Visitor: 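The structure follows.
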There are 2 protein chains.
Amino acid sequence: MVMRVPQELVDLRREELRRLIRRDGFLPVAEICRRLAVSEATVRRDLVAVEANGHITRTYGGALADYNSSFASVTERSGRARPAKARIAECAVAQIPRTGTVFLDAGTTIEAVARALTHRRDLTRLVVVTNSLAAATVLGGATGVELHVLGGMFLNRQAALMGAQAIKALGDWSFDAAFLAGEGMDAAGISNSHEHIAGFQRALLPQAQRVCFCLDASKLDRATPHRVATWRQLSALITDASTSQLVAAGIRLPANKYLHA
Amino acid sequence: MVMRVPQELVDLRREELRRLIRRDGFLPVAEICRRLAVSEATVRRDLVAVEANGHITRTYGGALADYNSSFASVTERSGRARPAKARIAECAVAQIPRTGTVFLDAGTTIEAVARALTHRRDLTRLVVVTNSLAAATVLGGATGVELHVLGGMFLNRQAALMGAQAIKALGDWSFDAAFLAGEGMDAAGISNSHEHIAGFQRALLPQAQRVCFCLDASKLDRATPHRVATWRQLSALITDASTSQLVAAGIRLPANKYLHA
DNA sequence: TTTTATATGATTGGGGTCAATCATATAAAC
DNA sequence: GTTTATATGATTGACCCCAATCATATAAAA
């Protein structure tokens with residue numbers, strides 16, 4: 001009857017747990033007990049720990065890997081803040097025509113757009129291009145949507161395809177509209193924290209007639225290292241932030257560039 | 001207190017259920033009740049119906065979308081046939097060097113290879129290229145693996161990327177080994193049922209030094225319309241079928257081309 | 001119209017899941 | 001070495017999930 005175990009082993013076991021869940025997509029608690037050879041209580045404790053780090057989502061009876069995907073129903077039910085992202089997504093989807101070619105970026109906000117897009121029933125021949133695995137997964141099989149995925153190097157953290165190949169693949173396309181995410185916005189414009197992402201987004205700008213950035217208010221006044229676009233370069237900002245919040249951050253947009261969600 | 005409803009409405013509701021689960025990835029039973037406004041009993045009945053059609057996987061407390069992905073633990077636990085695919089996958093993974101560049105095709109068999117690959121701990125700089133969203137999802141974040149995804153049009157049924165762009169993207173690569181799936185094998189060779197897939201695989205053959213096809217015994221003597229490769233063209237067949245089974249189907253392979261799983 | 005088939009919701013019993021609590025043995029800190 | 005902190009497994013009670021059964025109202029068939 002072992003009662004305490006070195007911290008190191010605990011961490012190793014939790015990493016193992018993360019890998020197990022990632023590999024199988026879903027694991028019931030009892031199964032985890034078997035594989036890790038620990039009691040139910042310990043498994044549950046491990047699950048809350050791993051979930052806190054944001055890599056899995058617990059369900060009744062087990063746990064899911066969230067491959068960078070926010071399982072809407074679960075997270076909502078778990079009492080989290082009512083998602084501004086959902087409202088942003090609704091607003092973005094309203095911008096999308098019934099037919100044409102649009103691009104969807106990676107990131108949880110744009111993933112919400114993909115989700116909301118599946119609500120639309122009036123789509124006929126909408127071509128959606130994305131570099132987001134999550135968006136592709138959600139939109140795969142949606143009626144009225146022809147889905148294309150850009151190639152590229154897989155970035156684990158974003159579950160997105162980036163790099164030279166992705167940029168090269170962009171050259172084949174011309175979009176009616178593109179919906180992009182960002183990690184920070186301030187007076188100067190939109191910025192992102194990863195060079196790969198920023199480079200990709202910069203390469204995308206000239207390929208789209210309309211460029212819509214979708215950022216929730218938490219991104220306000222956050223400066224991240226890589227500049228992506230100035231306010232002049234984008235067609236619209238879709239956000240839940242109010243005008244006064246924007247002005248306080250030094251952002252002043254003409255009415256036709258500001259879409260309040 | 002409505003007691004019976006037209007068949008048509010039942011079917012519509014079940015399609016709706018499939019879409020709901022697909023969109024959210026996971027839904028608890030209670031949530032489904034709310035959204036479809038039916039009782040728990042009906043939801044459970046619908047779940048078994050939809051699951052029988054193979055689009056979702058039930059879990060304790062809800063249901064998962066299986067985006068063309070076989071949730072190993074769940075399906076194994078549900079008493080299904082002991083997967084020959086797993087043994088094929090083990091055998092395939094043993095062929096993969098610690099470093100180099102390999103290609104993984106779409107299909108559940110190759111997805112099993114991806115899963116098995118995550119078991120390997122000795123990988124250092126293995127470059128994996130795939131056109132399978134499922135494989136990408138599984139391998140994303142695997143240690144020692146640099147993952148690339150080919151671009152292309154998303155085929156719903158296979159959850160794979162195909163078409164002209166995928167073939168074009170192939171041109172940038174040269175593989176040490178490629179692991180491909182097929183839907184039929186007979187005396188003439190390997191065949192597939194979809195033109196897009198067959199075309200893509202034919203384009204891949206010259207890009208790989210070793211071409212390994214992975215097909216389980218159920219594919220024996222099944223003729224599907226689109227020829228992909230003759231036995232001369234491939235480097236190895238990885239299968240659980242025995243030599244005598246192969247011979248009975250008119251397939252005779254040199255020892256170095258036959259890997260028994 | 002009459003008959004049959006069936007989709008539905010309610011109920012019930014059995015079992016599984018979960019969070020909280022507790023004693024304990026061992027790691028870590030002193 | 002002594003003390004403190006903590007990771008573990010067992011237990012408990014409440015809650016939830018599930019399959020099976022049943023009566024019923026209505027669709028579908030005759």
Side-chain angles (χ1 to χ4, degrees), chain A residues 1-18 20-21 24-53 56-66 71 73-80, chain B residues 1-18 20-21 24-53 56-66 71 73-80:
Chain A
M1 192 200 259
V2 179
M3 279 302 167
R4 196 185 172 185
V5 120
Q7 185 74 31
E8 186 193 339
L9 290 185
V10 175
D11 292 339
L12 282 176
R13 191 188 56 222
R14 292 186 177 167
E15 272 193 49
E16 172 77 10
L17 174 60
R18 235 181 35 194
L20 283 177
I21 294 180
D24 283 357
F26 173 85
L27 276 178
V29 174
E31 181 78 10
I32 300 174
C33 294
R34 248 186 8 87
R35 300 214 194 168
L36 298 181
V38 289
S39 77
E40 235 179 67
T42 299
V43 168
R44 291 186 205 288
R45 277 187 279 253
D46 284 1
L47 284 176
V48 305
V50 176
E51 184 182 37
N53 283 11
I56 66 166
T57 303
R58 295 184 67 191
T59 74
Y60 207 94
L64 292 166
D66 36 327
F71 290 91
S73 63
V74 179
T75 48
E76 280 175 25
R77 280 169 59 85
S78 72
R80 280 275 198 76
Chain B
M1 194 199 259
V2 180
M3 280 303 167
R4 198 185 169 186
V5 120
Q7 185 75 30
E8 186 193 337
L9 291 185
V10 176
D11 293 338
L12 283 176
R13 190 188 57 222
R14 291 184 178 168
E15 273 194 48
E16 172 76 11
L17 173 60
R18 237 183 31 197
L20 282 178
I21 294 179
D24 283 357
F26 172 85
L27 275 177
V29 174
E31 181 78 8
I32 301 174
C33 293
R34 248 190 4 91
R35 299 213 195 170
L36 297 181
V38 289
S39 77
E40 238 179 65
T42 300
V43 167
R44 292 186 205 287
R45 278 187 279 252
D46 283 1
L47 284 176
V48 304
V50 176
E51 184 182 37
N53 282 13
I56 66 166
T57 303
R58 295 184 69 191
T59 74
Y60 208 93
L64 292 166
D66 37 330
F71 290 92
S73 64
V74 179
T75 48
E76 279 176 26
R77 280 168 60 84
S78 71
R80 280 274 199 76

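Labels below follow one simple rule: chain letters A, B, ... track the order of the sequence lines, proteins then strands, and each chain is numbered from 1. These numbers come from a predicted model, not from an experiment. Every heavy atom of this structure was used, including side-chain atoms; hydrogens, water molecules and symmetry mates were not.
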Visitor: To the nearest angstrom, how far is B/R14 atom CZ from C/dT8 atom P?
Guide: 7 Å
Visitor: Go through the structure and list residues passing side chain to side chain donor-acceptor pair (under 3.5 Å) with A/R13, not counting sequence neighbours.
Guide: A/D46
Visitor: Just one of B/T57, B/L27, B/I32, B/T42 clears the side chain to side chain contact (heavy atoms under 4.5 Å, CB included) bar with B/L47, so which one?
Guide: B/I32
Visitor: In whole angstrom, what separates B/R44's CZ from C/dG9's P?
Guide: 13 Å
Visitor: Rounded to the nearest angstrom, tell me the gap between atom CD in A/E40 and atom P in C/dT17.
Guide: 6 Å
Visitor: Just how far, in rounded Å, is C1' of D/dT6 from CG of A/D46?
Guide: 14 Å
Visitor: Considering only C/dT8, D/dC17, C/dT21, which nucleotide approaches the side chain of A/R45 most closely?
Guide: C/dT21
Visitor: Out of D/dA25, C/dA27, D/dA19, which nucleotide sits closest to the side chain of A/R4?
Guide: C/dA27
Visitor: To the nearest angstrom, how far is B/L47 atom CG from C/dT8 atom P?
Guide: 13 Å
Visitor: Looking at every heavy atom in both A/I21 and A/L64, which two are closest together, and how far apart are they?
Guide: CG2-C, 3.6 Å
Visitor: Considering heavy-atom distances to DNA chain C, does B/Y60 or B/A37 have its closest nucleotide positioned more toward the 5' end?
Guide: B/A37
Visitor: Figure out the CZ/C1' separation between A/F26 and C/dT17, and round it to whole Å.
Guide: 12 Å
Visitor: Which nucleotide in the list D/dC18, D/dT8, C/dG9 gets nearest to the side chain of B/T42?
Guide: C/dG9
Visitor: Flag the pair B/L17 / B/R35 as yes when at least one side-chain heavy-atom distance between them is below 4.5 Å, and no otherwise.
Guide: no
Visitor: Rounded to the nearest Å, what distance is computed from the CG atom of residue B/L9 to the P atom of nucleotide C/dT6?
Guide: 17 Å
Visitor: Could I get the full list of side chain to side chain donor-acceptor pair (under 3.5 Å) partners for B/R44, not counting sequence neighbours?
Guide: B/E40
Visitor: Output the single nucleotide from D/dG9, D/dT8, C/dT8 whose closest atom is nearest the side chain of A/A41.
Guide: D/dG9
Visitor: From CD1 of B/I32 over to P of D/dC18, roughly how many Å is that when rounded to an integer?
Guide: 10 Å
Visitor: Closest to the A/R58 side chain: D/dC17, C/dA19, C/dA27?
Guide: C/dA19
Visitor: Measure from the side-chain heavy atoms of B/Q7 and tell me the nearest of D/dT8, D/dA28, D/dC18.
Guide: D/dA28
